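In what follows, every chain begins at residue 1, and chains take the letters A, B, ... in the order their sequences are listed. Treat the numbers as computed from the prediction; the structure is a model and nothing was measured.
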There are 2 protein chains.
Amino acid sequence: MSQDDAGVDLETSLGYLLKEASSSLRAAMEAVLRPLGMTVTHYSCLELLAQRPGLSNSELARGAFVTRQSMNVLLQALERDGYVTRPAEAPVGKVLPTRLTPKGRRSLAKASAAVRSVEVRMLGGMTQAEQSAAYASLQSMIRSLRD
Amino acid sequence: MSQDDAGVDLETSLGYLLKEASSSLRAAMEAVLRPLGMTVTHYSCLELLAQRPGLSNSELARGAFVTRQSMNVLLQALERDGYVTRPAEAPVGKVLPTRLTPKGRRSLAKASAAVRSVEVRMLGGMTQAEQSAAYASLQSMIRSLRD
DNA sequence: CACGGTATGTCAGAATGCTGACATGAGTCA
DNA sequence: TGACTCATGTCAGCATTCTGACATACCGTG
């Protein structure tokens, strides 16, 4: 339990709060995706492909915040199980554009609904103005850290 | 490029932005802690102990957002290298209260300054009001997800 | 007092992600 | 054209974290 509050207070650190929120969100997403046999990175990859068909392995990796090596392992599994397709040879350069299969699209539909319910729950106690403020705040943090 | 399909729009999703911000913060922290030979979890553990001396392994794990098994291996390494101390036997129950050594405190001092500089940079483009709004928003999200 | 329910510390194996490295292709510039 | 730089896909090895499991200690209720 909590004792004395001497020293720097982690409870008032935006960085700590950011990590806590992100951790909570990930846990909630894992909870709803597990019954569907899907991980968060798994879902993220499919969602990215739905919105931007033809994304390459490296681009997917950046979008899902993992290394391109990790994403490659995932893509090989997704391709083997018939969720995505990649051409055997690169149309141009070395980039292999990836696309969802109908099976992948069906799988994503259920996962997307589950994830959306989590996000709705997360935003439940916030007004529209508060959501906009949160959006602007997060973007500001990202922008400041990018340099 | 805005696209209106059935899926979650990643560009406007607060969840995605939250993950992006958290990822950026972690990367920035890793960058400044690496020269000090320290990882983020490593630092988090020391910072927690500085603010709440006598924290147990499980409590440290929850505070650093890892499992108690992971925290245990970290604590064993920190104890072996002389950054923290734990009694050989539990004063009460099974809980082993952990404390920083002077060496641990010195190590933390440098790391803490580095991390603080990152947080200052992250908050650079925000007004005081925006920081308060961000704080309230994140707490609201955490609260909503806790149920 | 006895009893479940909960929490803790710890060990072992498995899974996941990362770092390092290599070859290849595209773009840049002198 | 040739050299240089950068990005990509991929393989291999390593590190870190997690899952599963066990024994133990506290606490509430009956």
Side-chain angles (χ1 to χ4, degrees), chain A residues 1-2 19 22-24 26-31 33-35 37-45 48-49 52 54-81 84-99, chain B residues 19 22-24 26-31 33-35 37-45 48-49 52 54-81 84-99:
Chain A
M1 304 307 255
S2 54
K19 185 170 182 179
S22 181
S23 176
S24 297
R26 167 166 278 262
M29 287 178 65
E30 283 172 349
L33 288 175
R34 187 172 303 115
M38 216 180 280
T39 68
V40 174
T41 308
H42 187 136
Y43 157 76
S44 301
C45 178
L48 282 164
L49 284 174
R52 297 183 182 174
L55 239 43
S56 73
N57 175 32
S58 291
E59 292 169 321
L60 286 169
R62 281 191 291 270
F65 308 105
V66 295
T67 62
R68 63 184 195 274
Q69 291 89 333
S70 297
M71 181 55 71
N72 194 35
V73 173
L74 174 60
L75 276 184
Q76 287 175 351
L78 290 179
E79 191 175 14
R80 169 175 48 79
D81 298 342
V84 304
T85 55
R86 282 194 293 182
E89 292 184 0
V92 53
K94 298 189 66 177
V95 177
L96 293 176
T98 311
R99 292 184 177 279
Chain B
K19 172 69 180 173
S22 180
S23 177
S24 298
R26 167 166 277 263
M29 287 179 65
E30 283 172 349
L33 288 176
R34 188 173 303 114
M38 216 180 279
T39 69
V40 175
T41 307
H42 187 136
Y43 158 76
S44 301
C45 178
L48 283 164
L49 284 174
R52 299 183 184 176
L55 238 44
S56 73
N57 175 33
S58 290
E59 291 170 322
L60 285 168
R62 279 191 292 268
F65 308 105
V66 295
T67 62
R68 63 186 196 272
Q69 291 89 333
S70 297
M71 181 55 70
N72 194 36
V73 305
L74 173 60
L75 277 184
Q76 287 175 352
L78 291 178
E79 190 174 15
R80 168 174 51 77
D81 297 342
V84 303
T85 54
R86 281 195 294 182
E89 292 184 358
V92 53
K94 298 188 67 176
V95 177
L96 294 175
T98 311
R99 293 185 176 279

* If only side-chain N and O atoms of A:S58 are considered, is one of them under 4.0 Å from the OP1 or OP2 phosphate oxygen of D:dG9? -> yes
* Within the structure shown, what part of the strands sits under 4.0 Å from A:T41 by heavy-atom distance: base, sugar-phosphate, or nothing? -> sugar-phosphate
* Asked: Just to confirm, is there a sub-4.0 Å distance from OP1 or OP2 of D:dC18 to any side-chain nitrogen or oxygen of B:T67?
  -> yes
* To do: Taking all non-hydrogen atoms of both residues into account, name the closest pair between B:A64 and B:M71 and its distance.
  => CB-CE, 3.7 Å
* Asked: Can you list, by residue number, the residues of residues 71-78 of chain A that have a non-hydrogen atom closer than 4.0 angstrom to DNA chain C?
  -> none
* To do: Round to a whole Å and report the spacing from CG of A:N57 to P of D:dG9.
  => 5 Å
* Structure fact -> Sorted by position of nearest nucleotide on DNA chain D, 5' first, the leading residue of A:R34 and A:R62 is A:R62
* Asked: For A:L55 and D:dG9, what is the distance between atoms CG and C1' respectively, to the nearest whole Å?
  -> 15 Å
* To do: Name all residues meeting the side-chain hydrogen bond (donor to acceptor under 3.5 Å, both in side chains) criterion together with A:S56; count only those two or more places apart in sequence or in a different chain, and write none if there are none.
  => A:E59
Between the protein and nucleotides 24-28 of chain D, which nitrogen or oxygen pairs are less than 3.5 angstrom apart?
residue : atom : partner : partner atom : Å
D:dC26  : OP1  : B:G93   : N            : 3.0

* Asked: Checking all strands, does A:T39 fall into the base, sugar-phosphate, or nothing category for heavy-atom contacts under 4.0 angstrom?
  -> nothing
* Contact boundaries of DNA chain C with chain B (under 4.0 Å, heavy atoms), 5' to 3'? -> C:dT8 to C:dC11
* Not counting sequence neighbours, which residues clear side-chain hydrogen bond (donor to acceptor under 3.5 Å, both in side chains) with B:S70? List them please. => B:T67
* Who are the ring pair (Phe, Tyr, Trp, His ring centres under 6.0 Å) partners of B:Y43, not counting sequence neighbours? -> none
* Decide yes or no, distance alone: a donor-acceptor N/O pair under 3.5 angstrom between the base of D:dG20 and the side-chain of B:Q69. => yes
* Using modelled atom types only, decide if a donor and an acceptor are shared between the side chain of B:S44 and the backbone of B:V40 within a distance under 3.5 Å. => yes
* Asked: To the nearest 0.5 Å, what is the distance between CG (B:N57) and CG (B:L96)?
  -> 8.0 Å
* Asked: Could you give the angle between the helix axes at the two ends of the helix from C:dC1-D:dG30 to C:dA30-D:dT1, with five pairs per end, rounded to 10 degrees?
  -> 40°
* How long is the span from the CZ atom in A:R26 to the OG1 atom in A:T39, to the nearest 0.5 Å? -> 8.0 Å
* Which distance, rounded to the nearest 0.5 Å, do you find between the CG of B:L60 and the CG of B:L49? -> 4.5 Å
* Starting at atom CZ of B:R26, determine the distance to atom C1' of D:dT16, rounded to an integer number of angstrom. => 11 Å
* Asked: How many angstroms lie between NZ in A:K19 and CE in B:M29, if you round to the nearest 0.5 Å?
  -> 6.5 Å
* Asked: Which pair of heavy atoms, one from A:L75 and one from A:C45, lies closest together, and at what distance?
  -> CD2-SG, 3.8 Å
* For A:T41, which residues count as a side-chain hydrogen bond (donor to acceptor under 3.5 Å, both in side chains) partner, sequence neighbours excluded? -> none
* Write out all pairs satisfying salt bridge (charged side-chain N to carboxylate O under 4.0 Å, His left out) with one or both partners inside residues 61-81 of chain B, taking only residues at least two apart or from two chains. => B:E79-B:R86
